[in-house]
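Written below as structure tokens is the structure these notes are about.
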Amino acid sequence: MVNLINYENILSELKPFNAKLVAISKTKTAEDINTLINHGQKAFGENYVQELVEKNEIIPDAEWHFVGHLQTNKVKFISPFIHLIHGVDSISILKEINKQAEKSRRIQECLLQIHIAKEETKFGFSFEETDLLLNSNEISSLKNIKIKGFMGMTTATDDIIQIKKEFSSLKIFFDKYKSSDFSILSMGMTSDYKIALEEGSTMVRIGSAIFGERN
């Protein structure tokens, strides 16, 4: 069930930072999503391709964001309609996104996922790998993708100092490339979005604070 009071409070918190909300709607019903759409929410995030495709068929007007770990063989299913892919973590997936976007005759906007956590289980490029990639001929040859910024996830910890440090490191790196076309820094979820905003996030991904715990 959608908590509209929390939703409005979150929007109020984002406003001073001019940050965008992506409502994470995985496992949530079309009814819940439409409730938020009726209150003006446009952007929704999903991390399972099949669920996303099914939801797009019944709610085609939503601005869909893919926020999970995307497998190469699944890109083709979301390529015709996906607004933004958050977690691009390899050159191979970039090439496949470019290939499928070309087939769909569109330019696909993406975020590079940067590994800032102390956990090896998290995906993403290192800062060094990202520098090499963004300055390579390889990336410039991919004409059907547009890198719009970075996404990062912090270590799963209650240590606020560590969380702030990890977010801050990504903001500093983001500022090296920031421009009118490279303007999205996707940091912060339900547990840490307030810290992320203070550290410079321009986009937060919030689910359970709005929709309640997942089924």
Side-chain angles (χ1 to χ4, degrees), residues 1-15 17-71 73-88 93 96-98 100-113 144-151 153 181 183-190 193 196-197 201-215:
M1 185 174 178
V2 178
N3 189 324
L4 290 174
I5 294 175
N6 277 3
Y7 172 69
E8 295 293 344
N9 287 341
I10 289 166
L11 290 182
S12 296
E13 291 171 329
L14 298 187
K15 196 168 184 178
F17 299 94
N18 197 28
K20 179 171 179 172
L21 170 65
V22 179
I24 304 302
S25 51
K26 58 185 179 181
T27 77
K28 299 306 173 181
T29 65
E31 182 182 5
D32 285 340
I33 295 168
N34 280 320
T35 296
L36 278 192
I37 288 174
N38 291 336
H39 279 78
Q41 180 64 26
K42 295 180 180 179
F44 294 87
E46 296 281 335
N47 69 341
Y48 296 112
V49 168
Q50 183 176 347
E51 182 180 352
L52 174 54
V53 170
E54 290 170 356
K55 285 178 176 174
N56 180 64
E57 288 175 355
I58 55 177
I59 317 173
D61 295 332
E63 177 187 298
W64 294 111
H65 293 233
F66 191 81
V67 298
H69 178 60
L70 184 58
Q71 296 174 305
N73 63 346
K74 299 290 182 67
V75 175
K76 61 186 176 185
F77 298 111
I78 64 172
S79 181
F81 67 85
I82 196 72
H83 177 76
L84 182 65
I85 299 174
H86 284 235
V88 176
I93 197 74
E96 183 64 21
I97 292 168
N98 183 74
Q100 297 300 332
E102 187 175 9
K103 288 181 181 179
S104 299
R105 297 182 179 180
R106 60 194 300 257
I107 304 298
Q108 179 61 60
E109 296 187 350
C110 304
L111 304 179
L112 299 181
Q113 183 169 351
N144 286 77
I145 61 169
K146 181 178 283 188
I147 307 298
K148 295 292 291 182
F150 298 140
M151 183 270 265
M153 298 172 65
D181 272 342
S183 58
I184 299 174
L185 184 56
S186 176
M187 304 192 304
M189 300 184 289
T190 293
Y193 75 90
L197 290 171
S201 176
T202 69
M203 181 177 283
V204 297
R205 313 177 301 275
I206 300 178
S208 57
I210 297 169
F211 290 106
E213 294 304 318
R214 296 188 196 101
N215 300 329

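Atom CD1 of Ile147 and atom CG of Leu112 lie 4.5 Å apart (nearest 0.5 Å). Between the OG atom of Ser201 and the CE atom of Met151 there is a distance of 11.5 Å, given to the nearest 0.5 Å. Taken to the nearest 0.5 Å, the CG atom of Leu111 stands 12.0 Å off from the CE atom of Met187. Here CD of Glu96 is found 8.5 Å from NZ of Lys76. Values are rounded to the nearest 0.5 Å. In this structure, Ile97 CD1 and Ser104 OG are separated by 12.0 Å, a value rounded to the nearest 0.5 Å. The distance from the CD1 atom of Ile10 to the OG atom of Ser12 is 10.0 Å, given to the nearest 0.5 Å.
A 4.5 Å side-chain heavy-atom check between Asp181 and Lys148 finds at least one atom pair inside the cut-off. You'll find the side chain of Arg106 reaches within 4.5 Å of the side chain of Ile82, heavy atoms only. Ser25 is listed as a side-chain neighbour of Trp64, based on a closest heavy-atom distance under 4.5 Å. Using a 4.5 Å heavy-atom cutoff, the side chains of Asp61 and Ile37 are not in contact. By the 4.5 Å heavy-atom criterion applied to side chains, Thr190 and Ile210 are not counted as neighbours. Under the 4.5 Å side-chain criterion, counting only non-hydrogen atoms from C-beta, Val22 is not in contact with Leu84. Between His69 and Gln113 there is no side-chain heavy-atom pair separated by less than 4.5 Å. The shortest distance between side-chain heavy atoms of Thr202 and Asn18 does not fall below 4.5 Å.
Glu102 is linked by a salt bridge (Lys or Arg N to Asp or Glu O under 4.0 Å) to nothing, counting only residues two or more places apart in sequence or in another chain. Here Glu57 pairs with nothing under the side chain to side chain donor-acceptor pair (under 3.5 Å) rule; sequence neighbours left out. Every residue meeting the side chain to side chain contact (heavy atoms under 4.5 Å, CB included) condition with Asn98, not counting sequence neighbours, appears here in chain and number order: Leu142, Asn144, Ile145. Among residues two or more places apart in sequence or in another chain, the side chain to side chain donor-acceptor pair (under 3.5 Å) test is passed with Gln41 by Tyr7. Taking the salt bridge (Lys or Arg N to Asp or Glu O under 4.0 Å) definition, one finds that Glu8 meets it with nothing, sequence neighbours left out. Applying the salt bridge (Lys or Arg N to Asp or Glu O under 4.0 Å) criterion to Lys20, with sequence neighbours excluded, gives Glu63. Here Ile5 pairs with Asn3, Asn9 under the side chain to side chain contact (heavy atoms under 4.5 Å, CB included) rule; sequence neighbours left out. Asn47 meets the side chain to side chain donor-acceptor pair (under 3.5 Å) test with no other residue; sequence neighbours excluded. The salt bridge (Lys or Arg N to Asp or Glu O under 4.0 Å) test applied to Lys55 returns Glu46, Glu51, not counting sequence neighbours. Applying the side chain to side chain donor-acceptor pair (under 3.5 Å) criterion to His39, with sequence neighbours excluded, gives no partner residue. The ring pair (Phe, Tyr, Trp, His ring centres under 6.0 Å) search around Phe150 returns Phe173, Phe182, not counting sequence neighbours. Residues satisfying the ring pair (Phe, Tyr, Trp, His ring centres under 6.0 Å) criterion with His65, sequence neighbours excluded, are His83, His86.
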**OP:** Could you walk me through whether Gln108 and Gln100 pass side chain to side chain contact (heavy atoms under 4.5 Å, CB included), step by step?
**Re:** CA-CA 9 Å; Gln108 179 61 60; Gln100 297 300 332; over 6 Å; no
**OP:** Could you give me the CA-CA distance, side-chain angles and deciding distance for Lys28 and Phe44, then say whether side chain to side chain contact (heavy atoms under 4.5 Å, CB included) is met?
**Re:** CA-CA 11 Å; Lys28 299 306 173 181; Phe44 294 87; over 6 Å; no
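A donor-acceptor contact shorter than 3.5 Å is absent between the side chain of Ser79 and the backbone of Val75. Although no hydrogens or angles enter the test, the distance criterion places a donor-acceptor pair under 3.5 Å between the side chain of Thr29 and the main chain of Asp32. Without hydrogens or angle criteria, Asn38 side chain to Asn34 main chain gives a donor-acceptor distance under 3.5 Å.
Taking all atoms of both residues into account, the shortest heavy-atom contact from Asn6 to Ala209 is ND2-O, 2.9 Å. Between Phe77 and Val49, the closest heavy-atom pair is CB-CG1, 3.8 Å. Closest non-hydrogen pair, Ala196 versus Gly188, comes out as CB-CA, 3.6 Å.
Atom OH of Tyr48 is surrounded by 12 or fewer heavy atoms from other residues, nucleotides or ligands within 6.0 Å.
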